[in-house]
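Chain identifiers are assigned alphabetically (A, B, ...) following the order of the sequence lines, protein sequences preceding nucleic acid strands; residue numbering begins at 1 within each chain. In this text the structure is predicted, and so the values were computed from the model without any measurement.
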Amino acid sequence: MTTIAPDRVDLTEIDDAPDIDRGWSVVVWNDPVNLMSFVVYVFRKLFGHSMEEATRLMLQVHNDGRAIVSQGPLEKAELDCHRLHHHGLWATLERP
Amino acid sequence: MRQAFTPTADGVAVDLGPEERHLIGLALAVLSGYGGDPADPATSRLTYDAHPGDPEKSAAFDDLVEGELESARRDDRTLFSETLDSDRLDAEQADCWLRVVGEARLVLGARLDIEEDGWSDDQGDTDVPEMILLRFLSAVQDELVVALLGGL
């Protein structure tokens, strides 16, 4: 027995999680030489953070050893990472 | 003590004597001695791996920014050198000073083997030339940052 019309196919079963960009995190790591004031300035300048938010992130880097300072698609995250490197901050990228 | 940097509408006014400017300019001497030699501890500090543990993505990142970091650093040093005697710095020139002084501090810190926070509270090493210069450049960078933060 056959039929012309194909059986209904459940697309959600075969179309396994399309490769959407779920976003990347830019992580800044603590280093003992960069000044706290300079790190606050860089966060304000590059990301437009308020003084309070930039200071909170700087203290998180200082106390916890690292902080996520921006998130977004890979292209934007890589640009942010590059700009941080240009300012001498130790930055890496990771999936949240 | 007089203020070396005072906020202006688009940057800072600079009040530094020739000796101070000469010392700040030593940042360039520090950086000119850094050439990416793998044996130099400064090399690992100034060479970044954006995707640690993922060589493929790291290589792609390096391709993306290939040469960009080095050329941006070169441009910074040129602008820094050109403005070392200026009495006023606009925002871009002041940022450039921060980056050059900061980079020289990182090189000095790596060569002094500074690996832990708290070194700046230590009163030892005060007769080591690199440490004296590092502390001086710290004060310069901090004063300039404070002046610029006031203008943000």
Side-chain angles (χ1 to χ4, degrees), chain A residues 21 24-55 58-66 68-70 72-96, chain B residues 42 44-54 57-58 60-62 64-65 68-73 75-76 91 94-96 98-110 112-120 134 137-152:
Chain A
D21 195 342
W24 288 77
S25 297
V26 182
V27 180
V28 168
W29 298 83
N30 189 42
D31 80 78
V33 176
N34 271 317
L35 296 179
M36 289 174 153
S37 56
F38 176 61
V39 173
V40 168
Y41 176 77
V42 172
F43 289 168
R44 291 209 63 189
K45 184 91 184 178
L46 296 190
F47 305 119
H49 290 316
S50 66
M51 192 67 188
E52 291 72 24
E53 176 64 3
T55 304
M58 177 278 292
L59 286 173
Q60 195 181 344
V61 172
H62 182 69
N63 295 324
D64 301 345
R66 51 169 274 160
I68 292 171
V69 299
S70 81
L74 183 60
E75 196 175 320
K76 177 191 177 295
E78 287 189 323
L79 179 63
D80 285 346
C81 190
H82 171 65
R83 292 159 81 210
L84 288 162
H85 291 166
H86 182 208
H87 286 79
L89 270 64
W90 181 18
T92 59
L93 296 163
E94 64 183 36
R95 289 281 199 185
Chain B
S44 62
R45 179 57 188 83
L46 290 179
T47 308
Y48 299 99
D49 183 358
H51 294 275
D54 189 336
K57 279 211 159 48
S58 275
F61 178 81
D62 290 345
L64 184 74
V65 300
E68 291 274 336
L69 190 55
E70 275 316 309
S71 78
R73 284 170 170 166
D75 291 348
D76 280 346
D95 273 1
C96 165
L98 288 181
R99 287 192 294 266
V100 171
V101 167
E103 202 182 324
R105 292 183 67 258
L106 294 175
V107 169
L108 290 168
L112 287 163
D113 205 20
I114 294 172
E115 290 179 350
E116 300 286 336
D117 288 332
W119 61 272
S120 55
L134 176 58
L137 293 178
S138 301
V140 170
Q141 194 187 43
D142 191 56
E143 271 205 62
L144 184 48
V145 162
V146 168
L148 290 168
L149 278 173
L152 279 184

Tell me, side chain or backbone of B:Leu64 under 4.5 Å from chain A's heavy atoms, or both, or neither? side chain
Which atoms of A:Met36 come close to chain B, meaning under 4.5 Å heavy atom to heavy atom: side chain ones, backbone ones, both, or neither? neither
Please identify, among B:Gly109, B:Ser58, B:Ala72, B:Pro52, the residue contributing the most non-hydrogen atom pairs under 4.5 Å to chain A. B:Ala72
Mind ranking B:Leu134, B:Asp76, B:Val146 by heavy-atom pairs under 4.5 Å with chain A and telling me who comes out on top? B:Asp76
Can you check whether B:Glu68's main-chain N or O pairs, donor with acceptor, with B:Ser71's side chain at less than 3.5 Å? yes
Can you tell me if A:Arg66 uses its side chain to pair, donor with acceptor, with the backbone of A:Gln60 under 3.5 Å? no
Residue of the set A:Val42, A:Val61, A:Val69, A:Leu46 for which side-chain contact (heavy atoms from CB on, under 4.5 Å) holds with A:Leu89: A:Val42
Between chain A and each of B:Ile114, B:Val65, B:Leu106, count heavy-atom pairs under 4.5 Å; write down the option with the most. B:Leu106
Out of A:Asn30, A:Leu84, A:Val26, return the one with the most heavy atom pairs under 4.5 angstrom to chain B. A:Asn30
Please answer whether the main-chain N or O of A:His49 pairs with a side-chain N or O of A:Arg44 as donor and acceptor at a distance below 3.5 Å. yes
Among B:Leu112, B:Leu46, B:Leu69, which residue forms the greatest number of heavy-atom pairs with chain A at distances under 4.5 Å? B:Leu69
For B:Asp54, is it the side chain, the backbone, both or neither that has a heavy atom under 4.5 Å from a heavy atom of chain A? neither
If we ignore hydrogens and angles and just use 3.5 Å, is the side chain of A:Glu94 paired with the main-chain N or O of A:Ser25 as donor and acceptor? no
Set of residues satisfying salt bridge (charged side-chain N to carboxylate O under 4.0 Å, His left out) with respect to B:Arg73, sequence neighbours excluded: B:Glu70, B:Glu103
Those residues that, when tested against B:His51, pass side chain to side chain donor-acceptor pair (under 3.5 Å) (two or more places apart): A:Glu78
Go through the atoms of B:Glu115 and report whether side chain, backbone, both or neither lie under 4.5 Å from a heavy atom of chain A. backbone
